[in-house]
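Take a look at the structure below.
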Amino acid sequence: SFNSAKTTPNQTDNWSLEITSLPEGETSVQFIATNAEGMTATSSAKTVRVDTEAPSIDSFTVLQCSYSLSASTCLSGSTTLNLSWTSTSTDIAYVGLVVGGVETATTTGLSGTVSVSGDGTYSVQIAAYDTVGNGATSSAQSVTVLTRPIVINEIAWGGTGASSADEWVEFYNPSSHNITLGNISLVADDGTPDIPLAYTATSGEYYLIERTGSTTTSVSEDLAIAFSGASGSGLGNDGEVLRLIHYLGGYATTTLDETPALSDCSGGWCKGTAGPNYLSMERVSATATGTLSSNWKSNNTFTRNGTDAGNPPAPLNGTPRAQNSVSLLSIGYFCPSETSSFTEGGYYTP
């Protein structure tokens, strides 16, 4: 009933027949042989499956883009990217994960991860293949990766001369992007503090949070918030490990920056002091990892910014919202070359 095409066997009873225009899906085909007397014989049914259609990719998402660190582009703080997709196709055999036009991994599920080599901009997409090899490729998503888009830059863990409770923490944005902070928190290993940040950290600028209020320092803060948690305390004077955590929904997180382990700093803070001097702990380089104990020093007491909340206010031994004293260029002497002639019997004053 599908096709009325006919053929005649050759002298050795071999024959062939071309059937065209088979529809998508499964078709049951039987062949009927008829002799000169009109008697017929019918073959067993053969099922032919035709599949020329590629699988559908209904959606493709990069988790780091859904929770981008920038409002203007897809910005990730991690070199691991989480991909997910949906499809109404039921015959997908596998999905290839593609970075820069190169398939780096495969999976049979609806999600997967890819790793990129480091900071840079990458084109990410997926390619879905069915059981007979038909393939479909999703649209490409451009992802920019910066592994240190914002860093912990200065910590006044001992407070100020006005009050040991007047703690403050400064962050610095070394990137060329304005960093959206809505999904970022400053979290200590012991759970206190756990401070959700807010607003935006402008490119090349500082972001200051103060513990007891906007009068903690004379410098204008970005966020005044209690540092205490369930234990009712702020930063412990015996040391803390602080992390900037980027939350990506569910249980997915990325650590953007962190301070050294306590064991790397003789069991406490690497630098800075409590009373009587209340020196802040300053980061030397924003481009070097924050976990290095050598990347932290105490304020040098010469380069300072702002005053405390005392009456009268006293200068802070720190640099909130200003370049750290320990990252300034070293001061030295410059001696120009000079040629002089000296005449016998003359006097000369250098």
Side-chain angles (χ1 to χ4, degrees), residues 148 150-172 174 184-195 197 206-212 216-217 219 221 223 225-245 255-306 308-309 314-328:
R148 271 188 288 276
I150 185 168
V151 299
I152 303 168
N153 199 53
E154 189 172 5
I155 307 168
W157 54 264
T160 70
S163 172
S164 60
D166 284 353
E167 300 166 346
W168 50 270
V169 179
E170 176 197 75
F171 310 107
Y172 176 62
I184 298 177
S185 292
L186 177 68
V187 181
D189 270 4
D190 62 2
T192 304
D194 185 343
I195 305 171
L197 305 185
Y206 302 92
Y207 183 95
L208 179 66
I209 58 175
E210 297 181 348
R211 175 185 174 190
T212 52
T216 295
T217 74
V219 180
E221 84 289 344
L223 186 65
I225 190 169
F227 283 22
S228 59
S231 62
S233 62
L235 297 172
N237 283 8
D238 54 351
E240 301 261 17
V241 176
L242 301 179
R243 291 183 173 88
L244 277 175
I245 303 294
T255 299
L256 302 177
D257 191 42
E258 61 184 298
T259 58
L262 298 184
S263 58
D264 293 339
C265 302
S266 302
W269 295 101
C270 287
K271 295 293 179 179
T273 65
N277 295 325
Y278 297 98
L279 304 178
S280 72
M281 172 175 153
E282 296 183 344
R283 190 186 190 115
V284 177
S285 172
T287 58
T289 178
T291 58
L292 285 174
S293 60
S294 60
N295 199 28
W296 296 91
K297 293 183 179 180
S298 298
N299 177 266
N300 64 15
T301 72
F302 295 104
T303 300
R304 302 183 291 183
N305 188 51
D308 63 21
L316 295 169
N317 286 322
T319 54
R321 297 193 73 87
Q323 185 175 2
N324 290 343
S325 66
V326 298
S327 59
L328 293 171

(request) Please report the shortest heavy-atom distance between Ser293 and Cys270, naming the atom on each side. (result) CB-SG, 3.7 Å
(message) So, using side-chain contact (heavy atoms from CB on, under 4.5 Å) as the criterion, who are the partners of Pro315 when residues are at least two apart?
(response) Arg304
(request) With rounding to the nearest 0.5 Å, note down the distance linking CH2 in Trp296 to CG in Asp264. (result) 13.5 Å
(request) Please name all residues satisfying ring pair (Phe, Tyr, Trp, His ring centres under 6.0 Å) with Tyr278, sequence neighbours left out, ordered by chain then number. (result) none
(request) For Arg148 and Asp257, work out which heavy atoms get closest and say how close. (result) CD-OD1, 4.4 Å
(request) Looking only at non-hydrogen atoms, find the nearest pair between Pro320 and Glu154 and report the distance. (result) N-OE1, 3.8 Å
(message) Going by the rule side-chain contact (heavy atoms from CB on, under 4.5 Å), which residues pair with Ala288 if we only count those two or more places apart in sequence or in a different chain?
(response) Ser285, Asn295
(message) Once rounded to the nearest 0.5 Å, what's the spacing between atom CD1 of Ile155 and atom CD of Glu170?
(response) 10.5 Å
(request) Drop me the distance from Thr217's OG1 to Asn305's CG, to the nearest 0.5 angstrom. (result) 8.5 Å
(request) Report the distance from atom CD of Glu240 to atom OG1 of Thr259, rounding to the nearest 0.5 Å. (result) 8.5 Å
(request) Output yes when a side-chain donor or acceptor of Asn300 lies under 3.5 Å from a complementary backbone atom of Phe302, and no otherwise. (result) yes
(request) Mind checking the CG-OG spacing from Leu197 to Ser185? Nearest 0.5 Å is all I need. (result) 6.0 Å
(message) Filter on salt bridge (charged side-chain N to carboxylate O under 4.0 Å, His left out), then keep only pairs touching residues 286-299, sequence neighbours left out; what's left?
(response) none
(request) Taking ring pair (Phe, Tyr, Trp, His ring centres under 6.0 Å) as the test, write out the residues that go with Trp157, two or more places apart. (result) Trp269
(message) Within this structure, what is the CG-NZ distance for the pair Asn299 and Lys271, rounded to the nearest 0.5 Å?
(response) 13.0 Å
(request) Check Asn237 against Ala274 and note the closest heavy-atom contact, atom names and distance. (result) ND2-CB, 3.9 Å
(request) Would you mind telling me which of Ile245, Val187, Leu244 makes a side chain to side chain contact (heavy atoms under 4.5 Å, CB included) with Thr255? (result) Ile245
(request) Would you please say whether a donor-acceptor pair under 3.5 Å links the side chains of Thr212 and Asp166? (result) yes
(request) List in chain and number order the residues that pass side-chain contact (heavy atoms from CB on, under 4.5 Å) with Ala286, two or more places apart in sequence or in another chain; answer none if no residue qualifies. (result) Val151, Tyr172, Pro174
(request) Please report the closest heavy-atom contact between Pro193 and Leu242, naming both atoms and the distance. (result) CD-CD2, 4.3 Å
(message) Between Tyr207 and Leu223, is the side-chain contact (heavy atoms from CB on, under 4.5 Å) condition met? List the steps.
(response) CA-CA 8 Å; Tyr207 183 95; Leu223 186 65; 3.8 Å; yes
(request) Compare all side-chain heavy atoms of Leu235 with those of Val169 and state whether any distance is below 4.5 angstrom. (result) yes
(request) Can you see which heavy atom on Asn317 is nearest to which on Asn277, and at what distance? (result) ND2-O, 2.7 Å
(message) Assess, by modelled atom type and distance only, whether the side chains of Ser327 and Glu282 contain a donor and an acceptor separated by less than 3.5 Å.
(response) no
(request) Would you indicate whether the side-chain heavy atoms of Leu279 and Thr301 approach each other to under 4.5 Å? (result) yes
(message) With a 4.5 Å cut-off on side-chain heavy atoms, are Leu186 and Phe227 touching?
(response) no
(message) Checking Val241 against Leu262 for the side-chain contact (heavy atoms from CB on, under 4.5 Å) test, could you report, in this order, the C-alpha distance in whole Å, the side-chain angles of both residues, the deciding distance, and whether it holds?
(response) CA-CA 7 Å; Val241 176; Leu262 298 184; 4.1 Å; yes
